[in-house]
Amino acid sequence: MSDSIDTRTPLQLSHLPAQFIGREAEQDALTEAFGVDEDSRLQNYHVYGRRGTGKTHLLQRFLTTFPPTFTTCYVSGVRHDTQYKALERLYQLLTGTSLGTGHHVADIQRKIKDQITLPTVVVVDEVDFLLLNDGDDLLYYLTRLENTAVITVSANRSTLEDAVDDRTYSTFQPQLLTLNDYTTNEARQILADRARKALQPQSLERAALTYITETTQNIAIAVTWLREAAETAENQVTQSLAQEVEVAAYHKYVRTLLHRFTTHHRRLYNTISRLEQVEQPPFTTGTVYREYSERCETAGVASLSERRISDFLTHLELLDLIEATYHRGGSRGKTREIRRVNWNSRPGSEETG
DNA sequence: CGTCCACCGGAAAATAGGGAGG
DNA sequence: CCTCCCTATTTTCCGGTGGACG
């Protein structure tokens, strides 16, 4: 990497740009709905948008707009995928002390309730992972707290109406906010804005940006890709360089996504990748599992049960890393047909599919 | 109409650990 | 330290599914 290229903060995924390109309308909608500046109107929201559409940034930014007369909490359903973990996290945010494991859920619920004195906004990001476990009970509890607004965030469900109990939804009743995919134009502006702050003016070829943002509108992928290219570049990020590092960049994106999961999740994903190099997808669950077990054996690691791996496949599906068509029965039995998701939206650039 | 495929996915149990009170 | 209550992770168990095929 050359000295003329600065790949620090603006090209990190966690970087919150000063200007939030392309989501002004959604930001205004939330601000207005909550009446942050005037009389506050707490209300529940469900925010939906595919991966890399700025949901997390939108809400983290939104939470910072509240004055100190509010309490705001951000909880990730990936890191806190059970009611207990989410509540423990919430308690930690409210009091600064962590409880550890071993307590009664009802006790923590009571403690949290006692802590809530100011109007409180709780963002539950990646809510789908909670809903795989007992997230329903969490939402039931949260939506029944007084003086509290709940904002759920999902990359998979545009509504939670049929994902939670009626008793939960009846008090939840969220406003719906959908973030559409960025256009290639918006994606290019966002990337250009970050590049401008991180890179020397001449070190980025315009065509490289165009190539990246026409390939993917997922900003998380695009930023990872640009950073990968910048780190590889001698002195300029060109289109051909972007093409060269395309696969490596996507792998890097996958690694960051799977970072918070177990080694078995990563091994499972790698198993499917390798299967695709040998054989035409899709693969049934059994095929994937047998291959996974073999890889475990080769690595000298105990393999998890098929039941467990079935759940992990669902995780990969929620992460939009694989897609599965479900067969509820029939001649081929009850199974899933699994293939990796093709990240690139260029028509006909790979084999037909 | 019965059987079979090839898992799904719910439920319970096994295992390993923590916290509070006596 | 013991007991009894929790949680977390994973395994074991098993009924259920719905087209094809005999």
Side-chain angles (χ1 to χ4, degrees), chain A residues 75-115 124 126-142 156-157 162-166 168 258-269 271-272 275 279-297 299-319 322-339:
Chain A
V75 180
S76 163
V78 167
R79 299 188 59 172
H80 313 282
D81 63 348
T82 64
Q83 175 176 212
Y84 188 96
K85 289 180 193 166
L87 289 173
E88 207 251 332
R89 158 80 171 165
L90 215 46
Y91 185 82
Q92 191 187 353
L93 287 172
L94 290 171
T95 66
T97 59
S98 74
L99 289 166
T101 179
H103 299 278
H104 299 210
V105 162
D107 284 352
I108 304 183
Q109 288 179 335
R110 191 176 30 75
K111 284 181 177 174
I112 289 174
K113 192 176 180 179
D114 292 344
Q115 286 297 322
V124 183
E126 302 275 18
V127 69
D128 306 80
F129 289 90
L130 269 155
L131 292 175
L132 289 178
N133 303 314
D134 54 357
D136 200 320
D137 296 330
L138 174 74
L139 293 183
Y140 182 81
Y141 163 75
L142 287 179
N156 306 282
R157 293 185 163 94
D162 38 45
V164 300
D165 275 6
D166 291 343
T168 302
L258 290 180
H259 185 244
R260 308 251 170 243
F261 291 81
T262 70
T263 56
H264 287 284
H265 285 92
R266 292 187 279 276
R267 197 188 307 278
L268 184 59
Y269 178 81
T271 296
I272 299 167
L275 270 175
E279 208 179 316
Q280 189 70 17
F283 313 107
T284 62
T285 304
T287 307
V288 171
Y289 181 72
R290 281 184 290 276
E291 182 71 17
Y292 155 83
S293 295
E294 258 177 55
R295 295 203 72 189
C296 283
E297 202 170 338
V301 176
S303 61
L304 298 179
S305 67
E306 183 161 10
R307 179 69 188 82
R308 192 79 183 115
I309 289 304
S310 172
D311 283 344
F312 284 14
L313 283 170
T314 306
H315 296 160
L316 296 184
E317 203 183 337
L318 286 178
L319 290 173
I322 64 172
E323 57 191 9
T325 47
Y326 286 70
H327 295 277
R328 305 177 153 278
S331 56
R332 279 174 293 187
K334 190 178 188 178
T335 186
R336 274 178 276 191
E337 288 194 326
I338 296 155
R339 47 159 50 90

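The chains referred to below are lettered A, B, ... by the order of the sequence lines, with proteins before strands, and numbering in each begins at 1. Values below: every heavy atom of this structure, side chains too, minus hydrogens, waters and symmetry copies.
- One atom, CD1 of A:I108, and another, P of C:dT7, lie 8 Å apart when rounded to the nearest Å.
- No side-chain heavy atom of A:I338 sits less than 4.5 Å from a side-chain heavy atom of A:L316.
- In this structure, A:Y292 has its ring center at least 6.0 angstrom away from the ring center of A:F312.
- Comparing A:R307 and A:R290, the nucleotide of DNA chain B nearest to each residue sits closer to the 5' end for A:R290.
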So which protein nitrogen or oxygen atoms get under 3.5 Å of nucleotides 8-10 of chain C's nitrogens or oxygens?
unit_1, atom_1, unit_2, atom_2, d
C:dA8, OP1, A:T82, OG1, 3.2
C:dT9, OP2, A:K85, NZ, 3.2
C:dT10, OP2, A:R308, NE, 3.2
C:dT10, OP2, A:R308, NH2, 2.9

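- Backbone-only engagement by A:T335 is indicated by non-hydrogen atom pairs under 4.0 Å involving sugar-phosphate atoms exclusively.
- Across all strands, A:R332 comes closer than 4.0 Å only to sugar-phosphate atoms, never to a base (heavy-atom distances).
- Boundaries of the chain A contact region on DNA chain B are B:dC5 to B:dA20, first to last in 5' to 3' order (nucleotide atom under 4.0 Å from a heavy atom).
- Put simply, the side chain of A:N133 never gets that close to the backbone of A:T82: no donor and acceptor are under 3.5 Å apart.
- Counting to the nearest Å, the P atom of C:dT7 and the CG atom of A:D137 are 11 Å from each other.
- Across all strands shown, A:G286 has heavy atoms under 4.0 Å from sugar-phosphate atoms exclusively, and none from any base.
- When rounded to the nearest whole Å, the span between CG of A:N133 and C1' of C:dT7 equals 12 Å.
- The neighbour count for A:E297 CD, taken as heavy atoms of other residues, nucleotides or ligands under 6.0 Å away, does not exceed 12.
- Between A:H315 and A:F261, the ring planes lie tilted relative to each other; the angle falls in the 30° to 60° range.
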- Query: Where do A:R336 and A:S310 land on the side chain to side chain donor-acceptor pair (under 3.5 Å) test, with the steps shown first?
  - Reply: CA-CA 10 Å; A:R336 274 178 276 191; A:S310 172; 2.7 Å; yes
- Item | Residue pair A:D114, A:K111: steps toward the salt bridge (Lys or Arg N to Asp or Glu O under 4.0 Å) verdict | CA-CA 5 Å; A:D114 292 344; A:K111 284 181 177 174; over 6 Å; no
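- Between the A:R266 side chain and the A:L258 main chain, a donor and an acceptor come within less than 3.5 Å of each other.
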